[in-house]
**Q** 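My questions all concern the structure below.
Throughout, numbering of the chain's residues begins at 1 and tracks the sequence.
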Amino acid sequence: MSENVVHLHKHTDPPPAEPATVTTLTVVPDAPPARPVPLWVRSGHAVKTAVTHERTRSAGRAVVRHGLYTFNGGRIAARRAWDGRTGSRYERMIRAAEAAGNLEAAEEWEERLARFRAARHHRRMDLLHSPVDAAKGVAVGAGMSVGVLVALGVALAISTGNVTDVVTPLSATIDFIALLIRIVQIVWGPLLTVGPLLALLALWSVGRKQHAAPQWALPANVRTGEGEPITPSIVVKALRDLGIPALARAIKEMGDAGASMLGPITIAGCGVEVDVTLPSGVSTNEVQGKRRKLAENLTRHEHEVFITIPQAARTVRLWVADSGALDEPIGPSPLVTDETMTADYAKGKAPWGQDLRGDAAALSLYQRHLLITGLSNQGKTVALRSLALWLSLDRSVQFLMGDLKGVGDWAMFDGLASTLIQGPTDEHVIQVTEMVEGAVVEMNRRIQAPPGTQFPPLIVLVDEAQVAFMCPAKDKDKRPYGGAKADSRYFMAVRKIHNQGRAVNVLMWQGTQDPTNENLPKLVREGAHTRASLALGTESQARMALGDKAVDGGAAPNLLRPGLDRGTLVVASDGISIPAGQSSITVRTHYIDDDAATVITDRAKALRDGVTTLHAIDRTEEHDPLADIAAVIGDAPRVRTKDVLARLATRNADAYGRWSFLDLKRVLDDAGASPYKSDGVMCVARDRVARALTDRHTEGSASAE
């Protein structure tokens, strides 16, 4: 601990003096006072602020708007009165029909004008005689009224015995008339004051309903036009402003009757539909090429307006969606909601979704090859799978499936499809190619059958088929598996099924993405009877997917919005109901997720006796016919002989592709498991084959001992 030292003596040396500090003060003069802002400047700023304020602008717009509502409402009412009293309406219609080149309509309106003028002349001639007739009518009416009142008074006098009652009814009538005159005298003054106000209010109401004011003066929700209902005047104005000179001139010549180009505007699902007959000199493809501008003129987005070409000449059909309606999802699939639903390959239609009208869109799959394409992740697999799910509910249908994505999208068909190959590698492509070639062998076997033989449907389905077409692998003979040439094994197998498979119910279904001439050859895509496309990038891809006829007729999957229009398909097929004159239809497909798909396939499996699914093609040279027969029978107690032959051909096309019933019977007879007839159909019993295999194994063991 430190201690402080206290000195008791005084220091004699004074401390050194510190140097003096000199402070310099600088006098800064005050700034001159700011010049006052002139009063007129301040007043101008205040006036500018007040005038440009949003409330002032809103109030100004309201004043102008309501004033013009009244003024223009008077013009509209006067125009309507003039049209009702004269033939100007008919004359406008005649000019419009002549401008549109519709001479028949012009003649019809001219005939109506002649009838109107004749009726008007007849009314005017009647006015020459009406004063005399009116005077006679008044005299006769007054006399009869007085006579009736006097007769009533006589009856009253006789009843009461008082002679003065004869004039009582006449006096009461005179008093009543005096009362009415008194009421009119009282009401007449206020009526003269209120009447003009009521007339102005009526004119204002007419103008408000017609939005008879400039756009800048209208309310914001009306001015922007978001969700504005589609009316004839709006459609005509949108067409006039498309930038097609011939169309604009024709509409201008039609005057106010430009709506004569339009058919009835009808409600169609979540929008409206109208047919537009174009005037002479305007082609339909000119309007089709202006789709975006037309949509914006109608205050819609491009994807909310569809332009198709119906059967009538010089006509375009416009379908305009309600604002935002296409972004709303549709309901669940009937496959999910109806657990009792079954399928009929030959006569039924698969519930696929809804068209733009909101009607159910169902697709017939009977003897139609199928192709679905689109950009990646747009719902292609789900759309293709929903068709297969419906068809699986027909127990007679057989499936051969190849999923070249291999992420489990088709895993629920394990135990339902005869073959299910899943994976994206070249080896999987080889397996899928051999599966398709096995279907070709089965097709040839069916073709060689006696005429009139009925065969169960065999669906050969390949998802992500572009992987097969782009595969570089080659076999031992240097033949490529992929490609689009005559030596390509996958390409040629698909072509063979397209050429002849339909006649014997062997059908090819393919799903592919982002089509090009390399990953979807022309001959393959044109071999499909049903062609559908989700969103695509370009018009050339749309033509690859659907064909020139569909695109020229208005099909435009390239205008669908990737990601936002997921699951929306443009379909060209005779298997779906398409409006008359159109070559395609837009369908919003139902979404069925993996869990719901698994439930549906479980129902489909319950309809069958049991299917053994192969996950690879057996290429071994050595084969055991009896063991293979047992394998294809699976868990079913018995299987028809023709189904056993088909499954054997799928299992090993080289060994069993050319087998007939006699070959199958020979093997079974030798093993002691002869086929037998059940319900009039030859069948193979699982127990007999299993017992034959057991006996053969027992005999082999005994001989070995």
**Q** So does Arg638 have more than 12 non-hydrogen atoms from other groups sitting under 6.0 Å from CZ?
**A** no

**Q** For residues Arg566 and Asn377, determine if any side-chain heavy atom of one lies less than 4.5 Å from a side-chain heavy atom of the other.
**A** yes

**Q** Kindly indicate whether the side chain of Tyr656, heavy atoms from C-beta on, has any atom under 4.5 Å from the side chain of Pro625.
**A** yes

**Q** Taking 4.0 angstrom as the limit, do Arg588 and Asp565 come out as a salt bridge?
**A** no

**Q** Show the nearest heavy-atom pair for residues Arg446 and Leu458, with the distance to one decimal.
**A** NH2-CB, 4.0 Å

**Q** Cys471 and Asp426: which non-hydrogen atoms are nearest, and at how many Å?
**A** SG-OD1, 3.6 Å

**Q** Between Arg385 and Asp463, is a salt bridge (charged side-chain N to carboxylate O under 4.0 Å, His left out) present by the stated rule, with each step listed?
**A** CA-CA 9 Å; Arg385 189 176 67 184; Asp463 194 12; over 6 Å; no

**Q** Does this structure show an ion pair linking Asp475 with Arg489, if we count only N-O contacts that are shorter than 4.0 Å?
**A** yes

**Q** Measure the acute angle between the ring planes of His369 and His529, then classify it against the limits of 30° and 60° as parallel, tilted or perpendicular.
**A** parallel

**Q** Can you give each donor-acceptor pair under 3.5 Å made by side-chain atoms of residues 569-579, sequence neighbours left out, with the distance rounded to 0.1 Å?
**A**
residue, atom, partner, partner atom, Å
Ser573, OG, Thr530, OG1, 2.7
Ser573, OG, Gly575, N, 2.9
Asp574, OD1, Arg368, NE, 2.9

**Q** Could you tell me if the side chain of Asp595 sits less than 4.5 Å from the side chain of Val599, heavy atoms only?
**A** no

**Q** Would Arg686 and Asp609 pass as an ion pair if we require N to O under 4.0 Å?
**A** no

**Q** Checking side-chain hydrogen bond (donor to acceptor under 3.5 Å, both in side chains) for the pair Ser674/Asp669: CA distance, chi angles, key distance, verdict?
**A** CA-CA 5 Å; Ser674 301; Asp669 289 345; 2.4 Å; yes

**Q** I'd like to know whether NZ of Lys496 has more than 12 heavy-atom contacts from other residues, nucleotides or ligands below 6.0 angstrom.
**A** no

**Q** Could Arg531 and Glu526 be called an ion pair, given the rule that one side-chain N must be under 4.0 Å from one carboxylate O?
**A** no

**Q** Could you pull out the closest heavy-atom pair between Leu520 and Pro515, with the gap in Å?
**A** CD2-CB, 3.8 Å

**Q** Could you tell me which non-hydrogen atom of Trp319 sits nearest to which non-hydrogen atom of Ala268, and how far apart they are?
**A** NE1-O, 3.0 Å

**Q** Are Arg479 and Asp487 close enough for a salt bridge, meaning some N to O gap below 4.0 Å?
**A** no

**Q** Give the ring-plane orientation class for Trp410 versus Phe413, where under 30° counts as parallel, over 60° as perpendicular and anything between as tilted.
**A** tilted

**Q** Quick check: closest heavy atoms across Ala350 and Leu365, and the distance to 0.1 Å?
**A** CB-CD1, 4.4 Å

**Q** Quick one: do Lys405 and Asp409 make a salt bridge, cutoff under 4.0 Å?
**A** yes

**Q** Can Asp643 and Arg640 be counted as an ion pair, charged N to O under 4.0 angstrom?
**A** yes

**Q** With no hydrogens and no angle check, just 3.5 Å: does a side-chain donor-acceptor pair link Asp514 and Gln466?
**A** no

**Q** Of the options Arg525, Arg543, Lys522, which is the one that meets Asp548 in a salt bridge (Lys or Arg N to Asp or Glu O under 4.0 Å)?
**A** Arg543

**Q** For Met341, check side-chain contact (heavy atoms from CB on, under 4.5 Å) against everything at least two apart and list the hits.
**A** Pro334, Leu335, Asp338, Pro351, Trp390, Arg603

